[in-house]
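Values below: all heavy atoms of this structure, side chains included; hydrogens, waters and symmetry mates excluded.
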Amino acid sequence: MCWRDAGGCQCRAAMGVSRLCRPGSWLLLARRGPVPKVTTWTHRSFRTSITLLKQDDFTKILSNELEKVHKKVKDALPGSDWTPFKSMDHLPPEHADIVIVGGGVIGWSVAYWLKKMQTKKKAYNVLVVERDTTYSHASTVLSAGGIRQQFSRPENIQMSLFGAHFLRNINEYLGILNEDPVDVQFNPSGYLFLSSEKGAEILEENYRVQREQGAKVALLSPEQLKKKFPWINTQDVALASYGLENEGWFDPWLLLSALRRKALSMGVLHCHGEVTGFNYVTQEMVTSDGDPVNFRRIHEVIVQAQNSLETQPVECMAVVNAAGAWSSKVAEMIGIGCGSPGTFQEFKLPVEPRKRYIYMFHCPNGPGLDCPLLIDSSGAYFRREGLGGNYIGGLSPLEEEEPDHSNLDVDHEYFQQKVWPLLAYRVPVFESLKALFGFRQLHFQLSRDKVCACSTTF
C-alpha cells in the first residue's frame, strides 16, 4: 500500500526503517505488520515518475525530433531533394495482391479496371511496376496513337468500338472531382485503306465483317475516292475503305497520364523498378492421358529498385504481364520458352520487339484538315499532325530488312530511299519533301524543325 503524509513527519516502520516524508511524497511500506499510528494519511493509486517513459513514447518523441531536424535541413537547401536520412520510398511494398509488370497504357488500364470492378473498397491492392520512369523507350508514347475498327477479326472490332466510346466519354471514366477535365485530343478523321486489284477481295470481306459488328465503314470506288479526296493519285487503286465514325488518332501520352492519375486516385500502388525474377512453387499434375504436367505458381515478384542494386520480394496472389515488347523476356523468368522439348513450356510467348521509324515532315500545301490516316496498298502510311502543315508517316520494313532493336537510333536514309517515293507517288504534293529532306541532311542543326524522326519499339 502507498501512503502520503500531508504535513511532513518522520515515520518509523515496524521493520526498523526510518524515512523523512516530505509534503506530497510517497512512502511504500514493505511489511505486513500493523502500520504505526500517524495522523492525516491519505490513500492513492500507484503511479510512475515521468523519467520512466514507455519505449513507444520515447520512439515517438525521437521520431518527431528527427523530423524537425530533417525539415530544417531541407529548408536550408531550397530546391534540393537531398536528405541526410535514408529513405525506403524507392522500394516496393512487401505485399500486393496483384502485381502488374509494365506501366504503359496497357498496364495502367488493367490497374484501373481491376479497381473499378472490385465490389468492396480495398478488397485487394494492385501494384504497377515500371522501369522506364521517363517513358523515353515506351511503345505507348512513341506510337502514332491511332484507333480504328477496320480489322478482320470480330474480337478486335468490338474492342475498338468500345475504345472509341471510352475516348469520346473519357471524363465519365477517368475524370477526377475538382481537377481539370481529361482531354486526349481525339481527332476522329478516320482511316483510309487503299487496295489494288490483288487485295480488293480481302478488303471487301473485311468490310462485310466490320459492318456486321456495327462499325461505320464505307467502300469507295476510285471515282468516289477522287471526288472526296482530290489530292490522292487514284492510279492502280481498285477499292478504298473509309471509316466514317470512331476512327482517327489521339495523344497517347495524355491517355497514359489520365489512366495513371485516375488509377492512383483509386488506391493503386506504383513502384519505379525492374522485375528481375520470380519465386514460385512447382506442382505436378497428370492429364487424362496420364501425362505429367508441371505447373508453376508465383508467390513472390523480385523487384530491383531504380538506379540501385537493392531488391525487394513482393508477395502476391497474381501477376499480370504487361511488359509490351519485352513480355517474352518476362515470361522466360518463369520458364515459359525455356522448357524441355516436348513440353508446353518449350514454346516461347509469341511476342518479339520490332523497331519502326516514324518521320515527321512539313508540307504547307499538303492535304489539309480533311486528311485521314491513309494506309497505302504499298504499306506506307501518313496522317496530319496538328494544324501547321505537319505530317507523320512511315513504312514497315521487309522481314530481311528488320533493323536492330537494341537501340532507338533513326535511319534517315530509309525515309529518302523507301518512304518518300511511295508517299510522293500517292500524294503528288509530297514531291517537295525530297528536296526538303535533303536540305535537312545538309543543315541538321539549322532546319531540324522541318523533317524529324523518331523510332518506336513494339
Checking S328 against E352 for the side-chain hydrogen bond (donor to acceptor under 3.5 Å, both in side chains) test, could you report, in this order, the C-alpha distance in whole Å, the side-chain angles of both residues, the deciding distance, and whether it holds? CA-CA 7 Å; S328 181; E352 295 181 357; over 6 Å; no
Which word best sums up how the rings of F229 and Y242 line up, parallel for under 30°, tilted for 30 to 60°, or perpendicular for over 60°? perpendicular
E201 atom CD, neighbour heavy-atom count above 12 within 6.0 Å: no
Taking only residues two or more places apart in sequence, or in another chain, which ones meet P154 in a side chain to side chain contact (heavy atoms under 4.5 Å, CB included)? V209, Q213
SB check [X] [Y] (cutoff 4.0 Å):
X: E413; Y: K418; answer: no
X: R208; Y: E212; answer: yes
X: E223; Y: K226; answer: no
X: K355; Y: E402; answer: no

In the structure I gave you, are the side-chain heavy atoms of E247 and I147 within less than 4.5 Å of one another anywhere? no
Return the set of residues passing salt bridge (Lys or Arg N to Asp or Glu O under 4.0 Å) with E179 (not counting sequence neighbours), or none when no residue passes. R261
What pairs with E245 under salt bridge (Lys or Arg N to Asp or Glu O under 4.0 Å), at least two apart in sequence or on another chain? none
Kindly say whether [Y] contributes a backbone atom to a donor-acceptor pair with the side chain of [X] at under 3.5 angstrom?
X: E172; Y: N169; answer: no
X: K262; Y: G175; answer: yes
X: D289; Y: D291; answer: no

Who pairs with T276 by side chain to side chain donor-acceptor pair (under 3.5 Å), at least two apart in sequence or on another chain? none
With sequence neighbours excluded, what pairs up with E197 under the side chain to side chain donor-acceptor pair (under 3.5 Å) test? none
Pairs satisfying ring pair (Phe, Tyr, Trp, His ring centres under 6.0 Å), at least one member in residues 175-212, at least two apart: none
Where at least one partner belongs to residues 364-389, residue pairs that pass ring pair (Phe, Tyr, Trp, His ring centres under 6.0 Å), sequence neighbours excluded: F382-F430
Holding to ring-ring contact (aromatic ring centres under 6.0 Å, His included), I want the full list of residues that pass it with [X], two or more places apart in sequence or in another chain.
X: Y280; value: none
X: F166; value: Y173
X: F151; value: none
X: W249; value: none

For residues 151-162, which residue pairs qualify under salt bridge (Lys or Arg N to Asp or Glu O under 4.0 Å), counting only residues two or more places apart or in two chains? R153-E155
Answer yes or no for R426 and W231: cation-pi contact, defined as NZ/CZ to six-membered ring centre under 6.0 Å and angle to ring axis within 45°. no
